[in-house]
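Throughout, a chain's letter reflects where its sequence line sits, starting with A, and its residues are numbered from 1. Reckoned from all heavy atoms, side chains included, excluding hydrogens, waters and symmetry mates.
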4 protein chains.
Amino acid sequence: MVVNKKRTVHASVKDERLVKMRRNQMIRGAVALFKQKGFHRTTTREIAQAAGFSIGTLYEYIRTKEDVLYLVCDSIYDQVRERLQGMDVDKGTLESLKLGIAHYFKIMDEMQDEVLVMYQEAKSLSKDALPYVLKKELEMVGMFETIIRRCIDNGELVMDDEHIDLLSHNIFVQGQMWGFRRWALAKNYTIDDYIKVQTDLLFTGIEQYQTQL
Amino acid sequence: MVVNKKRTVHASVKDERLVKMRRNQMIRGAVALFKQKGFHRTTTREIAQAAGFSIGTLYEYIRTKEDVLYLVCDSIYDQVRERLQGMDVDKGTLESLKLGIAHYFKIMDEMQDEVLVMYQEAKSLSKDALPYVLKKELEMVGMFETIIRRCIDNGELVMDDEHIDLLSHNIFVQGQMWGFRRWALAKNYTIDDYIKVQTDLLFTGIEQYQTQL
Amino acid sequence: MVVNKKRTVHASVKDERLVKMRRNQMIRGAVALFKQKGFHRTTTREIAQAAGFSIGTLYEYIRTKEDVLYLVCDSIYDQVRERLQGMDVDKGTLESLKLGIAHYFKIMDEMQDEVLVMYQEAKSLSKDALPYVLKKELEMVGMFETIIRRCIDNGELVMDDEHIDLLSHNIFVQGQMWGFRRWALAKNYTIDDYIKVQTDLLFTGIEQYQTQL
Amino acid sequence: MVVNKKRTVHASVKDERLVKMRRNQMIRGAVALFKQKGFHRTTTREIAQAAGFSIGTLYEYIRTKEDVLYLVCDSIYDQVRERLQGMDVDKGTLESLKLGIAHYFKIMDEMQDEVLVMYQEAKSLSKDALPYVLKKELEMVGMFETIIRRCIDNGELVMDDEHIDLLSHNIFVQGQMWGFRRWALAKNYTIDDYIKVQTDLLFTGIEQYQTQL
DNA sequence: GATGAATGAGAATTCATTCAT
DNA sequence: TATGAATGAATTCTCATTCAT
């Protein structure tokens, strides 16, 4: 899998360890604020404060406010991907696909704040930064595609490219959907319900609910 | 069906016909701008200019910038819902459900600008206005639910409430998805491809693609 | 004489009369401030305040702080040039050249604040604006050149181009010198002394002070 | 001749040799930067970097940014004065005056960067430091005065104090003028042309170009 | 002596909103 | 009703200076 070359954000501070640490503080603070008020309504001073340092220090580690957003999105994707590694991609059984979906949905549930932020604010990234983030998304979609293709290789499924591709997207979006439509879903489902029902629909298809009149 | 009581936006001008006309100009201009630069990066002056009148006049028809966003979202939902009326909700066959989905996806395709705007900017609505918009969304989800329930009433399907509800949400989200993931989907699908493949997956379910080893 | 095409500074306000008036207020205030603290140490808020309006209003009439500097320089040159029109350029006698010099030096004396500002701050203009100002300077140098050439046409002088050119520059610089070396000159000379002695040196030349040993 | 008592700039570092060395590095870097962007647009970090050490170290050798400007101006004057020492001040002939002027103009040509910086930025010195620099300027003007007076003592010239004083200033300013009006002069003159024509005008005077009609 | 991370006052600029005409 | 000039709070970003290591 081709790995996305990192888009670097300029820091005035040289100590790499320090940069990493400060940026983590920054990201943690920013996620909380972005979730609460959105990127545009959050000020750089608030970000600095939430991160626990001064506005001047903030700007030692980034160049523009948008850099914060990029770092946040980048970090979230990395976290999601990292956690997704636990998934067994190679088994090649429908069961393992189900498990993968469940695993992914759980992650989306646990990282709901982050996912929501990234989901809603990524569009504010500049034309410059957006592609990096979108590429990461495609990589994640690709993980589901890989699982599905393993099933096909294994003789468990027969499916053409278009269906594979869209199915992967659907799974990916349904994971995010648990975050961005929580306002509507959380009334009726726990995450486990959601996983169960969503998996049912995904695997069984409407026609299976057909009655023979 | 409980109809959403309209949340009114205050206008200084009395002539209702005039208010409606001016607001339509405003909405048209705003949609174009919001799509291009987002709500936050669009200024009230730009909205006024795009609408064809002065900033002073703009404020004769709204109270705050957020009112414009509300009017935009409100109007988009109304348009979508209006166009959705053509759907035959009562037939109660799987075929009519398929047609309904296709119809809805087509609308989403034709109104992609508006849908994208509403989809990305609605979150900027105040806690005050958001519920009105969300309620409209639920109404639209409800339309699919209705169609599905007709099928059940008709003996074409057997499905419990949870599955019905989530299926409706899925259909709704997949319609929006054609708008907000266009960057990834448009490379591989026309809207007709999208409708076909999406319908396949929705109706058939993964297990139908299973081979008997 | 080729006239410099005006470099325009953008104003949001449309009423041209108002723009002219507000800019004059602005220029008056800015000259005083620039003289006292220089361009860089003067803030836009101070300029607005000195002009008698708010910072927001200031920015209705300019786009950047540098625009103020340009307007100031531009205006000063225009004033100098306008006042210089009174000079009789066409007479073509050495006497009229003397009168022209005296006239110019007097103007430099009366406009000492403005001249100093323009003289010291013009270099802060962007690469974009500087040429316009420099061109105006050359126009003024050209006025002296014209006077001198009239004398030559008139048969009062014989002088080649290089000498004419540099003589014009010298006169021009000596006028400014009364402004920018006031700290050294004002101790020993009134403006009338300055005119007299400077004219002596210019017309007579060192060698005329030679004694025949 | 009364010598200017040095205004000292505080250094935390004790080793005088080191202080001198570091400050020379600093001045060299600063002159280049000031020429390019002016004093105000140059940051202390840039100065430190250009000097080859850290911002912290910079502040071991100065107290404020303005100290750098003072050191720069001071150093430039010292250099000019030192190079001017080669001039034969005592000969007391018009020829030696001419040579002195040519020598001075050549120095101004060779040190054009430095002269321009000092010329344009000296005004940014505080009320505190400015007098020291101005005094140095007067000393240099005084060198020309001395030469002229020698000529008078020698019986080569007859001239009163006012004329002597202003003539010295004129010579001094014309030297600087080669630097600050280079944009206009360099098109038509080499430094040698400039020396020749300027000397002609200075010695001969306009009236000598008079024709007998 | 040297370093460079931290600081926060200060600066330019924007823009939603008002209100007199 | 329509206009658009005026306002100033709010925002991003910079940079001289300090001080712990």
task: Between A/R22 and D/S54, just flag the one whose closest nucleotide in DNA chain E comes earlier from the 5' side.
output: D/S54
query: DNA chain E: A/S12 or A/I55, which has the more 5' nearest nucleotide?
result: A/S12
To the nearest Å, how far apart are [X] [atom1] and [N] [atom2]?
X: A/H40; N: E/dT14; atom1: NE2; atom2: P; result: 16 Å
X: C/E66; N: E/dT13; atom1: CD; atom2: C1'; result: 15 Å
X: C/F39; N: E/dA11; atom1: CZ; atom2: C1'; result: 12 Å
X: B/L58; N: E/dA16; atom1: CG; atom2: C1'; result: 10 Å
X: A/E16; N: E/dG4; atom1: CD; atom2: P; result: 14 Å
X: D/Q49; N: E/dG4; atom1: CD; atom2: P; result: 11 Å
X: C/E60; N: E/dT13; atom1: CD; atom2: C1'; result: 12 Å
X: D/Y59; N: E/dT7; atom1: OH; atom2: C1'; result: 13 Å

task: State, without any angle test, whether A/Q25 and A/R28 hold a side-chain donor-acceptor pair at a distance under 3.5 Å.
output: no
- line: Whichever of C/K14 and A/I62 has the more 5' nearest nucleotide on DNA chain F, that residue is C/K14
statement: On DNA chain F, more 5' by nearest nucleotide between D/T64 and C/V13 is C/V13
message: Below 4.0 Å from chain B heavy atoms, what is the first contacting nucleotide of DNA chain F and what is the last?
response: F/dT1 to F/dA6
- request: Go through the structure and list residues passing salt bridge (charged side-chain N to carboxylate O under 4.0 Å, His left out) with D/D67, not counting sequence neighbours.
  value: none
message: I'd like to know if C/R41 reaches the base of E/dG10 with its side chain, counting only an N/O donor and acceptor under 3.5 Å.
response: no
query: Is the shortest side-chain N/O distance from A/T57 to OP1 or OP2 of E/dT7 below 4.0 Å?
result: yes
task: May I ask you to verify if any side-chain N or O of C/T43 is less than 4.0 angstrom from the OP1 or OP2 atom of E/dA11?
output: no
message: With a 4.5 Å cut-off on side-chain heavy atoms, are A/T44 and A/L58 touching?
response: yes
message: On a heavy-atom basis, which atom in D/S124 and which in D/E66 lie closest, and how many Å separate them?
response: O-CG, 4.2 Å
- prompt: Under a 3.5 Å cut-off on both pairing distances, which runs of 3 or more consecutive Watson-Crick or G-U pairs involve DNA chain E?
  reply: E:2-21 with F:2-21
task: Starting at CG of A/L69, measure out to NE2 of A/H40 and round the result to the nearest 0.5 Å.
output: 8.5 Å
- prompt: So, C/T57 side chain and C/F53 main chain: donor-acceptor pair closer than 3.5 Å or not?
  reply: no
message: Strictly distance-based, threshold 3.5 Å: is any side-chain N or O of D/R63 a donor or acceptor partner for the main-chain N or O of D/A11?
response: no
- request: Decide, yes or no, whether a salt bridge links A/R7 with A/D74 under the criterion of side-chain N to carboxylate O below 4.0 Å.
  value: no
query: Can you tell which of C/F34, C/Y77, C/F39, C/F180 makes a ring pair (Phe, Tyr, Trp, His ring centres under 6.0 Å) with C/Y119?
result: C/F180
query: Are more than 12 heavy atoms from other residues, nucleotides or ligands located less than 6.0 Å from atom CD of D/E46?
result: yes
